[in-house]
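Report on one structure; see the data block that follows.
Note on naming: letters A, B, ... go to the chains in the order of the sequence lines (proteins, then strands), and numbering restarts at 1 for each one.
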Number of protein chains: 2
Amino acid sequence: MANSSSGESVAERIARILETFDAERSVQTPSEIARRAGLPSSTAHRLVTELVGTGLLDRDADGRVRLGMHLWEVAQRGSRALRLREAALPFMELVHARVREHIQLAVLEQGEALFLERLSDARAVSNITRIAGRLPLHASSSGLVLLAFADDELRERVLARPLPAVTADTVTDPGRLRELLARIRQEGIVVARGFVEPVSTGVAVPIRQRGRVIAALSVVLPRESPTAGAVEELRRAAAGISRRLDEPAE
Amino acid sequence: MANSSSGESVAERIARILETFDAERSVQTPSEIARRAGLPSSTAHRLVTELVGTGLLDRDADGRVRLGMHLWEVAQRGSRALRLREAALPFMELVHARVREHIQLAVLEQGEALFLERLSDARAVSNITRIAGRLPLHASSSGLVLLAFADDELRERVLARPLPAVTADTVTDPGRLRELLARIRQEGIVVARGFVEPVSTGVAVPIRQRGRVIAALSVVLPRESPTAGAVEELRRAAAGISRRLDEPAE
């Protein structure tokens with residue numbers, strides 16, 4: 001019943017429809033959605049209408065479609081992202097008050113660093129990351145921390161595949177990357193100068209829950225800035241967040 | 001193809017499955033999901049498996065299911081909630097630095113106040129709201145602001161239905177509520193003393209985008225606190241957020 005002749009489930013088609021929306025395409029016509037999701041027009045129109053009925057999508061008076069506030073609500077309500085964010089945000093605010101640059105929280109998701117939160121100063125240096133955006137594990141400071149503490153299987157898979165240079169300073173040699181990851185595991189910190197953007201330096205530390213690394217906390221500084229102050233603030237914040245995560249739930 | 005014998009679409013069933021998750025039930029077995037969603041067990045198991053395949057749900061080694069980080073990512077990426085939050089958060093931080101209590105951002109969603117963000121002080125007064133939680137329009141300070149500036153049709157619908165007392169101080173008389181809403185429209189502020197919790201006072205102001213009220217910004221103070229300082233901070237923050245929202249997109 002739920003499968004099309006192509007063997008694809010309705011759930012997959014719905015996921016593909018939801019995935020067509022992003023910051024640049026937050027409002028689309030059903031025909032644009034069909035094209036971007038690679039679905040027959042009639043199928044996309046019908047599923048969009050059904051999703052509008054549930055509140056997961058909204059349709060305006062012109063027939064254009066956007067993600068429904070209800071989708072956001074459902075996704076937030078039961079999500080680990082929300083609990084991690086809530087534990088982290090007060091400590092991120094403290095770091096932000098002292099290091100007036102970008103402070104970011106990231107987790108490992110499907111082989112990339114997914115950014116859950118970012119606090120930014122209006123005058124801070126350029127920063128490529130976005131909330132709900134992703135960066136490669138081998139290039140970003142957060143990604144390097146997540147990769148250093150990931151299970152061996154994922155680490156070997158990343159080391160075995162091509163490591164694209166995001167800038168001239170990205171570590172793209174598997175041997176050098178392996179050494180860097182070992183050092184991160186030992187020191188519990190990485191200072192990534194110009195790996196993602198030539199003008200900036202990322203500094204990241206692991207956040208642990210019951211001993212296991214579950215996230216990375218990072219700051220992005222102008223490339224030649226001293227990093228000692230940020231390192232100290234990050235370590236203190238990560239320790240505070242871990243304490244909060246390890247407390248029994250309310 | 002996509003409809004069951006009950007006439008319900010697969011999209012509706014998927015929405016019902018996602019809606020069974022919340023802060024208290026963030027991890028469930030497929031059988032619990034089936035029961036809470038009111039679906040036949042075989043249907044729920046099949047849809048859960050399909051949703052796990054898309055990343056919208058995650059299944060752990062014990063077969064227990066939770067919302068996938070990918071659902072959060074999709075919901076954030078293209079959402080108005082994210083853009084409003086990003087515009088509001090720097091100003092909320094400023095209010096928070098000066099009024100060390102709860103600062104909240106809410107929008108009107110399906111006849112209730114839906115809270116998009118909250119910054120809290122560890123020592124702040126009791127506060128019933130949660131991020132992605134809801135409160136009734138007639139009882140919360142945010143809800144009253146949203147209701148005061150809502151279209152006439154919604155306002156009349158709320159005034160016509162029973163107005164439950166959340167505390168002894170909630171305004172439950174339609175005539176008094178109508179007067180209160182008129183005053184909020186005139187003054188652009190509400191001070192709700194004990195309407196939601198006897199121990200606290202909510203103060204809320206509207207946030208406008210191109211002149212139209214799209215959200216409410218509020219603080220929750222101990223009931224007998226002076227409110228003048230918070231009122232001034234809220235008005236300044238709301239004006240700043242509106243300026244940011246009215247800027248052309250990057």
Side-chain angles (χ1 to χ4, degrees), chain A residues 1-4 9-12 14-16 18-27 43 46-47 49-51 53-56 66-67 69-83 85-86 89-90 93 96-97 107 109-110 114 116 118-122 130-134, chain B residues 1-4 9-12 14-16 18-27 43 46-47 49-51 53-56 66-67 69-83 85-86 89-90 93 96-97 107 109-110 114 116 118-122 130-134:
Chain A
M1 178 195 83
N3 286 342
S4 71
S9 71
V10 176
E12 287 172 83
I14 286 175
R16 292 236 305 277
L18 298 178
E19 288 162 0
T20 62
F21 291 87
D22 61 28
E24 279 73 44
R25 295 185 301 216
S26 60
V27 184
T43 305
R46 179 174 47 75
L47 288 176
T49 298
E50 291 178 10
L51 288 166
T54 65
L56 298 180
R66 51 180 90 212
L67 295 181
M69 203 63 94
H70 186 52
L71 174 65
W72 178 88
E73 178 183 12
V74 164
Q76 285 285 324
R77 222 165 41 182
S79 96
R80 282 165 293 163
L82 179 60
R83 282 196 299 285
R85 256 196 84 247
E86 287 197 307
L89 198 52
E93 285 189 68
H96 190 210
V107 296
E109 173 67 8
Q110 299 171 318
L114 172 65
L116 299 187
R118 182 179 115 172
L119 299 180
S120 291
D121 212 57
R130 294 184 170 206
I131 297 171
R134 296 179 176 217
Chain B
M1 179 194 83
N3 286 342
S4 71
S9 70
V10 176
E12 286 172 85
I14 286 175
R16 293 237 305 278
L18 298 178
E19 287 162 0
T20 63
F21 293 86
D22 60 28
E24 280 73 44
R25 296 186 299 216
S26 61
V27 184
T43 306
R46 179 174 48 75
L47 288 176
T49 298
E50 291 178 8
L51 287 167
T54 65
L56 298 181
R66 53 180 88 212
L67 295 181
M69 203 63 93
H70 186 50
L71 175 64
W72 178 87
E73 179 184 11
V74 165
Q76 285 286 324
R77 221 163 40 181
S79 95
R80 281 165 293 163
L82 178 60
R83 280 194 299 285
R85 256 196 85 247
E86 287 198 306
L89 197 53
E93 285 188 69
H96 190 210
V107 294
E109 172 67 7
Q110 298 171 318
L114 172 65
L116 299 187
R118 181 179 115 174
L119 298 180
S120 291
D121 213 56
R130 294 184 169 206
I131 296 171
R134 295 180 178 217

Among B/Ala15, B/Gly55, B/Ala75, B/Gly53, which residue has the highest count of heavy-atom pairs closer than 4.5 Å to chain A?
B/Ala75
Only pairs of heavy atoms separated by less than 4.5 Å count here; which of B/Glu86, B/Glu24, B/Arg85, B/Arg25 has the most with chain A?
B/Arg85
Could you tell me which portion of [X] (side chain, backbone, both or neither) has an atom closer than 4.5 angstrom to a non-hydrogen atom of chain B?
| X | result |
| --- | --- |
| A/His70 | both |
| A/Leu18 | both |
| A/Leu114 | side chain |
| A/Leu89 | side chain |
| A/Glu109 | side chain |

May I ask you to test the [X]-[Y] pair for a side-chain heavy-atom distance under 4.5 Å?
| X | Y | value |
| --- | --- | --- |
| B/Glu93 | A/Glu93 | yes |
| B/Ser26 | A/Arg83 | yes |
| B/Gln76 | A/Leu116 | no |
| B/Met69 | A/Gln110 | no |

[X], part contacting chain A, at a heavy-atom distance under 4.5 Å:
| X | result |
| --- | --- |
| B/Val27 | neither |
| B/Leu71 | both |
| B/Leu56 | side chain |

Would you name the heavy atoms of A/Leu67 and B/Val74 that are closest together and state the gap between them?
CD1-O, 3.4 Å
Approximate separation, where rounding is to 0.5 Å, of B/Ile14 CD1 and B/Leu51 CG:
5.0 Å
